[in-house]
Amino acid sequence: MARTVEDFNRRRLRSSNITVVVSIALVLFLVGLSGLILINAQKYSDYLKEQLVVNAYFDQDYDAKDSLKLAKQELDAVEKIKSLAPVKKATYISREQASKEARVSLGIDSEKLFDAHIFPSSVEIALKPEYVDPAKVNDAIKQISTVPGIVDVKNNSESQQIYENLNKILKWILAFSILFLILAIVLINNSIRLKIFSKRFIIKTMQLVGAKRRFILMPFVKEAIILGVLGAVLGILALFGVWYYFTSTIQTPFVQDTNQFILLVGLIALIGIFITVISTVFATWRFLRSNIDDLYYT
């Protein structure tokens, strides 16, 4: 009979541990998935923001005999623009190249119908993502306008509006990620509390025979660390599998930023272990402080 009871308790304990590990793994999987979506959405948003092109134009009127001198001045101006803090990339477009692009866009094949010098030379400038904010864009334009030789600077305001909407989308994704994190804390805490609740009589019995609170607490903390690690490993493996299938289907790189990916994996593991240990400590401490009669009504 005793052996039957012992086997029953052992199976119940094993089932409880499996339930806790699976719960931790599922919750951490959702947290990790939202984190990966956030990281990749941020990268994609930065990529789109870098497509915001600011065009700086040189003076269209010049003397043909000064063309070589003027070309050198324009190249110096391009280097000066590249050195500005808001600028990620600057591409010089000569008068001849501008005319060629115009002919292609207008569908004109004959050079005789097109003056090669009716368009001024210019610089196509891609700004850094952090300078796409409207106020910072205006500041960047002012800096570019101060470069010698630049007579006009224009930006695509319609594209800028699109990028502002992208920032709003990123904020919503961040909000959902925080919500998933809160749900992770609540669900893992509830799973641990149910596990400790099933051992409340054992905890109180150990305390009544003279065991110190720290002595009683340590085995539960060690077990919580093991369960947290197992749950984190299972959650990360599931995350790898789902994300690998997703990226393979849409043919994109598995990892956009290695450092951020490693940081996310480490954060998932720490969240699993930290929440499990803290929940275990609070749940165990609660029964250590309670009276015997309270164990029957808690």
Side-chain angles (χ1 to χ4, degrees), residues 15 17-53 88-89 91 104-105 124-133 156 158-192 226-276:
S15 176
N17 288 338
I18 292 174
T19 301
V20 171
V21 169
V22 171
S23 299
I24 294 171
L26 287 175
V27 172
L28 293 181
F29 167 77
L30 291 176
V31 172
L33 188 61
S34 63
L36 278 176
I37 292 173
L38 180 63
I39 290 173
N40 284 272
Q42 179 65 54
K43 286 292 179 184
Y44 185 65
S45 174
D46 288 346
Y47 168 77
L48 290 180
K49 288 177 180 179
E50 289 172 4
Q51 307 310 306
L52 173 61
V53 175
K88 180 178 180 64
K89 184 176 67 175
T91 305
V104 172
S105 62
E124 193 174 78
I125 303 164
L127 299 178
K128 295 177 181 177
E130 57 268 27
Y131 286 91
V132 176
D133 180 82
N156 191 337
E158 183 178 350
S159 298
Q160 187 174 323
Q161 183 64 38
I162 296 175
Y163 304 136
E164 290 175 7
N165 292 336
L166 282 173
N167 285 334
K168 294 178 182 178
I169 294 173
L170 284 176
K171 289 178 181 178
W172 277 105
I173 295 176
L174 178 60
F176 278 113
S177 300
I178 295 173
L179 178 62
F180 275 127
L181 182 59
I182 294 173
L183 289 176
I185 296 173
V186 173
L187 292 176
I188 293 176
N189 180 63
N190 288 339
S191 299
I192 294 298
I226 295 173
L227 294 177
V229 170
L230 289 176
V233 170
L234 288 177
I236 291 170
L237 289 176
L239 181 64
F240 281 0
V242 171
W243 194 252
Y244 176 78
Y245 175 78
F246 174 73
T247 53
S248 299
T249 303
I250 63 175
Q251 297 182 348
T252 59
F254 180 73
V255 179
Q256 295 285 353
D257 189 315
T258 304
N259 293 332
Q260 289 187 345
F261 187 76
I262 294 174
L263 181 63
L264 177 64
V265 171
L267 187 61
I268 292 173
L270 287 177
I271 288 174
I273 296 171
F274 179 76
I275 297 176
T276 307

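Start at 1 with the first residue, then count along the sequence.
If you take OG1 on Thr276 and CG on Leu28, they are separated by 7.5 Å, rounding to the nearest 0.5 Å. In this structure, CD1 on Ile18 lies 10.5 Å from CG on Leu227, to the nearest 0.5 angstrom. The distance from the OG1 atom of Thr247 to the CG atom of Leu36 is 9.5 Å, given to the nearest 0.5 Å. Within the model, atoms CG of Leu264 and CG of Asn259 stand 12.5 Å from one another, a figure rounded to the nearest 0.5 Å.
For the pair Ser34 (side chain) and Val31 (backbone), a donor-acceptor distance under 3.5 Å is present.
Proximity of Leu26 to Leu30: side-chain heavy atoms (C-beta onward) are nowhere separated by under 4.5 Å. Residues Asn40 and Trp243 form a side-chain contact, since some pair of their non-hydrogen atoms from C-beta on lies under 4.5 Å apart.
Within 6.0 Å of atom CZ in Phe261, more than 12 heavy atoms from other residues, nucleotides or ligands are found, so the atom counts as buried in its surroundings.
For the pair Ile39 and Gln260, the tightest heavy-atom approach, listed with the atom from each and the gap, is CG2-OE1, 3.0 Å. In terms of heavy-atom proximity, Ile268 sits nearest to Ala232 at O-CB, 4.5 Å.
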